[in-house]
Peer 1: 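Before we start, here is the structure in question, set down as structure tokens.
Heavy-atom basis, side chains included; hydrogens, waters and symmetry copies ignored.
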Amino acid sequence: MSSDEEMVVTPWKVSGKIDYEKLIRQFGTQPLTKEILEKLKKHAGSLHYLIRRGFFFCHRDFDLILNLYEQGKKFVLYTGRGPSGPVHLGHLLPWIFTKYLQDAFDVKLYFQMTDDEKFLLHHDFTVERSVGYTYDNALDVIAIGFEKEKTRIISDIKNIRALYNIAVKVAKHVNFSVVRAVFGFEESTNIGLIFFPAIQAAPCFLESVLTGENVPALIPAAIDQDPYWRVTRDVAPKLGFYKPAQIHSKFLAGLGKGGKMSASQPETCIFTTDSLEAAEKKVFNAFTGGQPTAQEQRRFGGNPEVCTVYQYMLYLFEEDDGKVRELWENCRSGRIICGECKSILAERVKKFLLEHQKRREKAKDVVEEYFLKD
Ligand code: TRP
């Protein structure tokens, strides 16, 4: 696949060169304005670098959530993961941002594991395999640092009792023709997948149902999940709930050429369970924006814009804006060459993995306590 390939962004496939401005127009989301960022900063105390640097780039009703908060009305956070394999660094970014929101606003989080969706989607999946990944991936979620008292992980398969009474109410308002148009379902699509959007909608309203109050939900998620929210937002008022709000992220590019990342090509992404040696090797094989030789690099400089190493520094491993700028300028001017940059990144990745893996091990003792009790 080349990056010139036509852009495809659906919940099940992301490929080609992604034009985020175009997605805002196509999906009808709103760009994040300066006013919204200022308001977020005022209430959160700080602006997370993932929003400062535009990794989170558009929204729906995020301004409304902030206005309601200003009036003393709290919201709940809702995000999730399709547990189809091990977690890689790209998956962590929305979770890191969600943790910032949870801490800043002191709010509850529902985290949905769509083990049903992944079972229905993949021909070679058993239910046991999907649920196995739910538990495995939950360790990574917990390792991000979400507080136990304020966080509930939901396995669709294990916790269906809590979701089902909401899902049927949603489903009754959604015609087949709508989901066929929104998700591209075909005659041959199994009926589980056709019902599934109602299951992914359910956590939006779970807090309202459990507390008997109308509590708005804010969903931090990658932009590919947008079709689910479009359908859910249409139904929400019919059920007497707030429309769920979203704050959408971009995708972290993989380490391969053209920024491709795919779990089916393990050398293009760093898994949270990779050994430090394996992760280091992936960094050293990463695609950069450098010149073919060190000499040319010193003379002409590199191109951080297309460099996967730079991206990882920008979105994961350098919180200091000044240092990011310096890295950019040093690359452009040829003062730093790719080998040096890769060494810096490799050290940071190894340090992160070492700590994450420790927290992940510890999570095994408490993982059950994080799941929703129904
Ligand atoms: N369908 C999502 C996936 O495959 C998982 C998911 C469920 C999700 N609920 C969510 C992701 C809410 C973001 C926000 O990854």
Peer 1: Ring centroids only, cut at 6.0 angstrom: are Tyr69 and His43 within range, meaning strictly under it?
Peer 2: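 Distance test on ring centres: under 6.0 Å, yes.
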Peer 1: Between His59 and Gln246, does any side-chain donor sit less than 3.5 Å from a side-chain acceptor?
Peer 2: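 Result is no, nothing qualifies.
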Peer 1: Tell me whether the centres of the aromatic rings in Tyr135 and Phe371 are closer together than 6.0 Å.
Peer 2: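 That pair passes the under 6.0 Å test.
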Peer 1: Which of these, Leu218, Thr151, Val76, sits in a side-chain contact (heavy atoms from CB on, under 4.5 Å) with Leu109?
Peer 2: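 Only match with Leu109 under side-chain contact (heavy atoms from CB on, under 4.5 Å): Thr151.
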Peer 1: Would Tyr312 and Phe317 count as a close aromatic pair, with their ring centres under 6.0 Å?
Peer 2: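 No, the ring of Tyr312 stays outside the 6.0 Å limit from the ring of Phe317, centre to centre.
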Peer 1: By the side chain to side chain donor-acceptor pair (under 3.5 Å) test, which pairs, at least two apart or in different chains, include something from residues 20-30?
Peer 2: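 Passing the test, one end in residues 20-30: no pairs.
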Peer 1: With no hydrogens and no angle check, just 3.5 Å: does a side-chain donor-acceptor pair link Thr114 and Asp156?
Peer 2: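 Not at all, the side chains of Thr114 and Asp156 share no donor-acceptor pair under 3.5 Å.
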Peer 1: Is a salt bridge present between Arg233 and Asp61, judged by a nitrogen-to-oxygen distance below 4.0 Å?
Peer 2: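 The answer is yes: the pair qualifies as a salt bridge.
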Peer 1: Quick one: are the ring centres of Tyr228 and Phe183 less than 6.0 Å apart?
Peer 2: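 Under 6.0 Å, so yes.
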Peer 1: Compute the centroid of each ring, for Phe125 and then for Phe119, and state whether the two points are separated by less than 6.0 Å.
Peer 2: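 Between Phe119 and Phe125, which both carry aromatic rings, the centre distance is not below 6.0 Å.
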Peer 1: Say whether Lys73 and Asn67, considering side chains only, have a donor N or O and an acceptor N or O under 3.5 Å apart.
Peer 2: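 Absent: no donor and acceptor within the cut-off.
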Peer 1: Between Phe111 and Trp95, is the gap from one ring center to the other below 6.0 Å?
Peer 2: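 Yes, the ring centres sit under 6.0 Å apart.
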